[in-house]
> 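Structure in structure tokens, see below.
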Amino acid sequence: MLLIPCPWCGPRAQIEFTYGGDADVRRPKDAMAATGAAWHDYVYLRDNPRGSHDEIWQHSAGCRRWLRLTRDTLTHAIIDSAPPTKEPPS
Amino acid sequence: MLLRPFSLIDIDPIASHNDKRKLIEEIVTDSRRTLSSRMTSVPRGAGLKGYEMRYSALNLVRNAFSGHRAWPVAWRKAAPQASYDVVIIGGGGHGLATAYYLARNHGITNVAVLEKGWIGGGNTGRNTTIVRSNYLLDTNARFYEHSLKLWEGLTQELNFNLMVSQRGVLNLAHTPGQLESYARRGNAMRLNGIDAELLSRDQVAAMVPRLDCSDRARFPVLGGLLQPRGGTVRHDAVAWGFARAADQRGVDIIEGCEVTAIRRNERGVVGLETSRGAVQAKQIGIAVAGNSSRVAAMADLHLPIESHVLQAMVSEPIKPVLDQVVTSGATHFYISQSDKGELVFGGDLDGYNSYAQRGNLPIIEHVIASALEMFPSFAQLRLMRTWGGIMDMTMDGSPIIAKTPVPGLYFNGGWCYGGFKATPASGWVFAETIANDAPHALNEAFTLERFATGDVLDERGAGPAPWLH
Amino acid sequence: MSQPFRIAAGGRIERDRTLSFTFDGRALTGCAGDTLASALLANGVHLVGRSFKYHRPRGIYSAGPEEPNAMVALGPTDTHTPNLRATEIELFDGLQAHSQNRWPSLARDVRAVVDRAAPLVPAGFYYKTFMWPADRWMTYEKHIRHAAGLGLASTGVDAAATYDRRFAHCDVLVVGGGAAGLTAALTAARAGARVIVADERPTWGGSLTAAPTTLDGADSRLWIASTLAELTERDNVTLLPRASVFGRYDQDLYGIAVRRPDGSPNDAAPRETLWLVRTQRAVVAAGAIERPLVFANNDRPGVMLAGAAQAYLNRYAVMPGRRAVIATNNDSAYAAARDLQAAGVDIAAIVDARVEPARITIDGVRHIPGSAVVAARGHSRVTGAAVAHLGSDGKSLDGAVEIIDCDLICASGGWSPTVHLYSHAGGKLRYDSDIAALVPRDELATLSVVGAAAGQFVLDRCFAAGAAAGRQAVAACGYGATVIDVPVCDGQAATPPRPLWHLPLARGHKGKRFVDLQADVTVDDVELAAREGYRSVEHLKRYTTLGMGTDQGKTSNINGLAILAETLNDPIDAVGTTTFRPPYTPVTLGTFAGRETGKHFAPIRRTPLHDRHEQAGAVFAPAGLWLRPHYYPRGGVDVQTASRREATAVRRSVGLVDVSTLGRIDIQGTDAAELLNRLYVNGWSTLAIGRVRYGLMLREDGMVSDDGTTARLAADHYIMTTTTANAGAVMTHIEHYLQLVWPDLDVRVASITDQWAVIAVAGPNSRATLQRVAGDIDFTNESLPFMGLAQGTFAGVPATVFRISFSGELAYEVAVPADYGPAVWDALMAAGESFDITPYGTEALGILRVEKGHFVIGAEADGRATADDLGLGRMQSTKKDFVGRRSLGRPALTAPNRKQLVGLRPVDAAAAIPAGAQIVEKPSLIGPVEMIGHVTSTAFSPEREGFIALAMIANGRARVGDQVFASSPLTDTLVQMTITNHVFIDPNGERLRA
Amino acid sequence: MPEALPREPAIRPVQKVGTASTAGVVLTLRPAATILRLCAPLDHAPFVAALAAAGLSLPEDPCISEQWGDATAFWVAPGEWWLVDIGATLTETTIRADLPARPRAIVDLSHSRTIMRIGGSQAVDLVAKGCPLDLDPTAFPTGGCPQSVLAGVNLLLHRLPANAGFDLYVPRSYARHLWEWLQLAGAEYRISVAAG
């Protein structure tokens, strides 16, 4: 069971969290103006690295905040944990 | 910058529609014709070379007197040649089956299978050995039924006992709604020409004596959907059997050979770089489920695939207590008993991207708890071994077997939970896709473009969240 | 006591506490402190089981968890536990043990014939045969399955077999309570760290207890006792005996199976507990396992690991034989010989593969250097050893073979460090030729291996390494350094072993040479596999089943690898090793399930009105984790009768249903309306305060994901309703968009599902019923119209009433704080008494909504349906973006032949519609046939006095009036149907506006 | 609050087994409390003033509570607190009045949680059977109020002063499940159930 550091609540057991996948999926700001390709990438393409992976988790049994976790997908080592980046949708 | 996995400038939101139904009709008829003609076109055991010794009870006895010293290697330890017509990346069941059917169905024998480790070392040797075709959607049902039909003749076809055990696959229903959706699926199977039976609670109890159908359970059993022709196959033997048969037809199976780059020019692929030197290839097929994203990236392809770990586990061997494969729709686990006597369990994905061939305890705890909920008398048996496999999870839960935007490069992957049971059909249609540079009717829908056009094959209706399929 | 092989003195047993037990029904006695194995040996019982494949007689081979042979079933047959190792079972009074895998009896086992047919069944033989006739495999398989397997699974459940789980956290986890482990633990404990020490044995001291050892000039028992005393008395230390640390998982989580000894005082305590220990550092001092010597018939009862023989002597005061031959390639067996001799065992000879002398010498014992035991004589018990001189290459023999009579062969092929946990943690191994063993190659960040587990076979180095590891661990956890004085002890290095992976066959002394005793894998099998090309370690393992037994190859792994390496002429390192996977030793399945069994498998959610439903005799059905009333069988009628009665009551008078399970989300903030605009396909800016609106949600891929009503309580305050099934998912969905996609929106959401009890009152008499309940809410059409809401006092409690309808009748939903729910339910039942007010369940709810043509998430909206498929295309706003809208224009989503929601009626009004039927044009029950749609929901409509159904049919809306067939091969029913509009009653909605 | 009203809690405890004296764990159903979930900015002067006037202050550190008499404020998320039994001095209405327009949210959760108290020398052992939190006082001090999982139920745990054990704030619909689970799991500690 992974031990996931919640930026607010501290290190917690994986069973307190919900997985959200690739952290760098960005919803097009003006969806209707987005090209079909851009929309396809948003809905269907995900980073899938073997190694360091930026992903989102929700501390669903705790403070219910989504957080950004950097984790090695080969070793499961946790490299970094931070609040979600507030950068505006591209 | 990685390309989108299909040659697509843009898709106009109001694009015109092309009717698929006619195509489907053709697919069905074509696949039947193909199947029947091809299955009979080559006599059993054809292509055996002199030095090869057929497996048979007689030869077993004969060898017993010579201390079994005369048996030849099951497949040659080939070294990479300078060039091949077709190179298959990945020496798992799918890659080996593809090579075999390239030779058998299309007479293409200047073929190499490159395996980074040992053949069958990926998911072919890590799954729970279940074969079935109990799918709801026509496309999936027809493809997996083709596979099941191939399984049924494969032991003799390959002259290697794959222990194809059609012991029946039973899905348990625990709510009225579940029973109804199983009925829907069962009827769809029957009307697709696939065997299926709906069982009452009493019929289930009679068929699986160890199963607790009482109200003691949190989610009591209400009934089940049975596919009698479903069952299990000895997984390692599939790799070995295809390897031996492909080798006998002249295919080079090269273990310990890792592909490090895919070479292209403006006209398409020209070859590969490997840990054992450069190899030229006119056509390249990728069959490395679990690592698809990484190998595809060598050709700058970005796939709608995530890699997740799926665990499996076995108990100590005991005398026979379970004659079917049993799965539960409410508690998410499946169980069968191997011929050695081990109870084999599996369940859901661990639920996060992973390339580690091992998982964590929560899923093991849940799978075992689920099993004991249905089979309380197994509580005192003991768990002997656990392991994990890396699953290619697509955005709709269905596989991809298709041409790619790169001429001469073909992709086979995204198998999700379905990889092992699909092995022969996957090899069959992938071989044809490569041989004809055009898909077989049965994989015509397993494209990379379907996500852009919306023609997804979402068997579970879970949407683009791979870990939910 | 009648235990002929029990020695008069010594051992760690309680001699005066005699325990009686039975083996295969034979009554025997042992002592407290015995294992079943030691007690059997004390009684001279050596034949305890039959082997997996060849059914050869097998005895007791080891004294620990590595035992490959002595597997027994424990307890009365109907509730017994199979496949337990006699070497691990603590003896208790009344213990019943049975041998396994034999018929009719252990002494005479008919399947032993396989042993003689061995030439026909080499490794992998089944891949080469059983192929003809082609349809016969299932028959072959039936017999193969019955021949395979070890013990029998009990038919019943042992009531005493209770299991539990325990989460724990510590700074330092020490695995192994021997010299190195206890030293590490003491060092860490004195530094003040939180320490957990686990050992699989019931007693502490590890290998110190297997041999008389002198520490600080005194018996090692004194050191063990004083160390234990200090650890026990410290409250920062947890001691876990009988604890198998079976696996290391991510972020240093260790799985430990902790057993409760049988007959312990507290019967309420679980039999076995799964400890999930999260630690900062781990010190692995798990010791080493002795290797067999691979000679002909090395599996005969009476052949035993030398270290085991020594342990039986020193721990249990048991003499494993009268006359022993010691076969070894290293020094450790000499200590065994010395102890055995001292105990009165006649040592016939020490046969040492080495030429150079061992460090220990024993007077008066014949020493045969440069030689080896090449075969064991005897069948169900050793009668002698065949000894021959080894050629210098170790692969050939020179000189004659001498037979030495004996009833015990103590074999030692050297020692294999227990590196499993190190491997779980990702550690790689290297071959150390000095000790001829695989040892940890690298330092790991949070796990250190010490003592014999690290290949340190000299005692004083074990103490030193333990102390160092303890210091290192606490330092890493931020504790100050501590000093502990390690005991003074033997520090002399042994004479190096002579690697001896298997022995040649001597002329006239043929026989199987077992590499893996449990999986019955021989040297010939390994060589055959290599010849046939199964040369990767994993292929070898899978083809021969080497190491696949319940002992996971603890005694066979390295010998197997080495023989493969020899066959391929590769160095052992090059061959590599198989992955050690958890669990280290088999763990009881029940231990993983813990308390998650029966009704506690998953939590049950109950509504505030649960007791009222029980009192009304409701039959419940699971809805996710909830229990909802399925129907109320007044007078025990079946679901059809009851649900039709309930539905009719709603249509004709008034009924009430508990809808507390629907998800409810409180939405507050100045941007609340904007959030709803983005989540739902329809517009929300125009919804007035005090009004309710139906909303539909999509996934980003354009498929319908959820629906429900949302009410506006104030300018910046809304209450959203979700489906029961998706309540949690929708909440997460909203939080995802609010926190990650639209963080700029000023909105706060909270789940209030548990805060409210909600009762839907439906039917022509619902208004009249509500008006009879005391309160200040005006229920007239004028002040509370359809899709309106009112707040006030109802039945004496604060209530919010929504005028909404799922049934299609005049209906209201009364929402009150949860604890008031029952009182309000009672008030409604009383007020509606003269209308024969009727509680209804989910089955009737289903009938009513099918009659009204309402789709539900799951059946119709199955994750593959768009809003337009469900007939709600026009509901989608064209003025704004919303989740999923951009996907809607894709070709496949605008295809003319998509399945659309329609109604169905049987042409023969009396006909029933099979649930789950598929829709076909041709009247066919046999595939392949094209399916143009499927039935999603069926019901018998009391209102229409016949069966009706909802269905998804290709281009269905354009085909209303067409006739098709509902085909259900599963039930062998084919019904001709007419496609209709999906609304069966009150198409213009007069009733709900009444 | 209208205690006169006909409340029916999720659990009606039955006094049972052992006596508090020999019991390792004592399980008690706590009386219903007023729970207000509050989202508010801590830098808004009028609001802070109003809190101060009522003698309250909100904990800024995660998973920590502040207590004055019967009243408690739990940190439940960044910028979010539970106000428990703050009494008449502050009500939903008065608090709302003192808050700025944004961010502002107050939700009444009083009926949504069932409060169970686990006391006794082995309270920690019982909680540790189903909860992955590190329960050591160094990691989970008195007054700590982490939210976590216990026996499959998401809940809030409040560590009480003077080794009095924990208060569990359990979602109402799960209360009976957890209540039964605690009694089964507590059997080996001779758990005793005291009526509220």
Side-chain angles (χ1 to χ4, degrees), chain C residues 164-170 194 266-270 273 276 278 594-596 599-608 610-611 625-626 660-661 666-671 716-717 746-757 795-798 816-824 826-827, chain D residues 2 4-10 12 32 35 37-40 77 79-80 96 101-114 125 127-136 138-140 151-154 170-178 180-181 184-191:
Chain C
D164 212 336
R165 181 174 294 121
R166 168 83 186 228
F167 293 91
H169 303 257
C170 64
R194 283 196 284 166
N266 185 353
D267 292 339
T273 300
L276 299 168
R278 183 82 65 177
R595 300 189 166 278
E596 282 157 28
K599 295 299 180 198
H600 287 287
F601 168 71
I604 294 176
R605 297 184 73 179
R606 295 177 175 87
T607 77
H610 189 84
D611 291 354
L625 291 178
W626 292 95
S660 308
T661 60
D666 179 286
I667 303 173
Q668 298 182 37
T670 51
D671 296 324
D716 63 353
H717 191 187
D746 169 47
V747 185
R748 295 291 184 278
V749 292
S751 167
I752 51 169
T753 308
D754 282 278
Q755 169 70 9
W756 283 8
V797 304
V816 299
D819 284 1
Y820 304 143
V824 171
D826 296 342
Chain D
L5 296 182
R7 290 188 75 147
E8 190 170 309
R12 265 176 262 86
I35 305 174
R37 179 173 175 278
L38 170 71
C39 305
E80 294 180 18
R96 189 176 291 275
R102 53 167 51 198
R104 177 177 73 186
I106 303 175
V107 184
D108 183 354
L109 298 176
S110 306
H111 286 241
S112 74
R113 295 298 189 278
T114 301
D125 299 293
V127 174
K129 283 187 174 196
C131 177
L133 287 173
D134 185 349
L135 302 172
D136 189 88
T138 57
F140 185 174
V153 181
N154 295 359
V170 185
R172 195 189 194 284
S173 55
Y174 291 92
R176 197 176 299 178
H177 154 76
L178 189 61
E180 290 166 357
W181 187 93
L184 290 169
E188 70 174 297
Y189 309 129
R190 302 168 315 284
I191 188 169

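What you see below is based on every heavy atom in this structure, not just the backbone, and it leaves out hydrogens, waters and symmetry mates. Proteins get letters first, then strands, A, B, ... in listed order; numbering begins at 1 in each.
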> Any side-chain to backbone donor/acceptor pair from Asp671(C) onto Asp746(C)? Under 3.5 Å, distance only.
yes
> By a 4.5 Å heavy-atom criterion (distance strictly below it), what part of Asp826(C) contacts chain D: side chain, backbone, both, or neither?
neither
> Quick check for you: to the nearest 0.5 Å, what is the distance between His111(D) atom NE2 and Asp754(C) atom CG?
12.5 Å
> At a 4.5 Å cut-off on heavy atoms, which part of Ser751(C) comes close to chain D: side chain, backbone, both, or neither?
backbone
> What part of Ala175(D) is in contact with chain C, defined as an atom under 4.5 angstrom from a non-hydrogen atom: side chain, backbone, both or neither?
neither
> As an exercise: rank His717(C), Arg166(C), Glu596(C) by heavy-atom pairs under 4.5 Å with chain D and give me the winner.
Arg166(C)
> Is the closest side-chain heavy-atom distance between Leu135(D) and Phe167(C) below 4.5 Å?
no
> Got a second to check how far Ile604(C)'s CD1 is from His610(C)'s NE2, nearest 0.5 Å?
7.5 Å
> Which bit of Trp756(C) is near chain D, if near means a heavy-atom gap under 4.5 Å: side chain, backbone, both or neither?
neither
> Between Val749(C) and chain D, with a heavy-atom cut-off of 4.5 Å, which part of the residue counts as in contact: side chain, backbone, both or neither?
backbone
> In terms of heavy-atom proximity below 4.5 Å to chain C, should Arg37(D) be classed as side chain, backbone, both, or neither?
side chain
> Mind checking the CG-CZ spacing from Asp611(C) to Arg606(C)? Nearest 0.5 Å is all I need.
9.0 Å
> Using only atom types and a distance under 3.5 Å, with no angle test, would you say the side chain of Gln668(C) pairs donor to acceptor with the backbone of Ile106(D)?
yes
> Please flag which part of Leu625(C) lies under 4.5 Å from any non-hydrogen atom of chain D: side chain, backbone, both or neither.
side chain
> Tell me the closest heavy-atom pair linking Arg113(D) and Pro171(D), and the distance in Å.
CD-N, 3.7 Å
> Taking Ala185(D), Gly130(D), Ala187(D), Ala139(D) one by one, which has the highest count of heavy-atom pairs under 4.5 Å against chain C?
Ala185(D)
> Could you tell me which portion of Ile35(D) (side chain, backbone, both or neither) has an atom closer than 4.5 angstrom to a non-hydrogen atom of chain C?
neither
> Which value, rounded to the nearest 0.5 Å, describes the distance between Arg172(D) atom CZ and Gln755(C) atom CD?
10.0 Å
> Under 3.5 Å, is there a donor on one side chain and an acceptor on the other for Thr273(C) and Asp164(C)?
no
> I need the residue from Val127(D), Asp134(D), Thr138(D) with the largest number of non-hydrogen atom pairs under 4.5 Å to chain C.
Asp134(D)
> Among Pro103(D), Ala10(D), Gly152(D), Ala101(D), which residue has the highest count of heavy-atom pairs closer than 4.5 Å to chain C?
Pro103(D)
> If you count heavy-atom pairs under 4.5 Å between each of Val824(C), Asp716(C), Thr607(C), Thr670(C) and chain D, which one has the most?
Thr670(C)
> Taking side chain as C-beta onward, heavy atoms only, is Ser660(C) less than 4.5 Å from Trp626(C)?
no
> Heavy-atom distances under 4.5 Å only: say whether Arg194(C) touches chain D with side chain, backbone, both or neither.
side chain
> Do you know which of Gly79(D), Pro9(D), Ala151(D) has the most heavy-atom pairs under 4.5 Å to chain C?
Pro9(D)
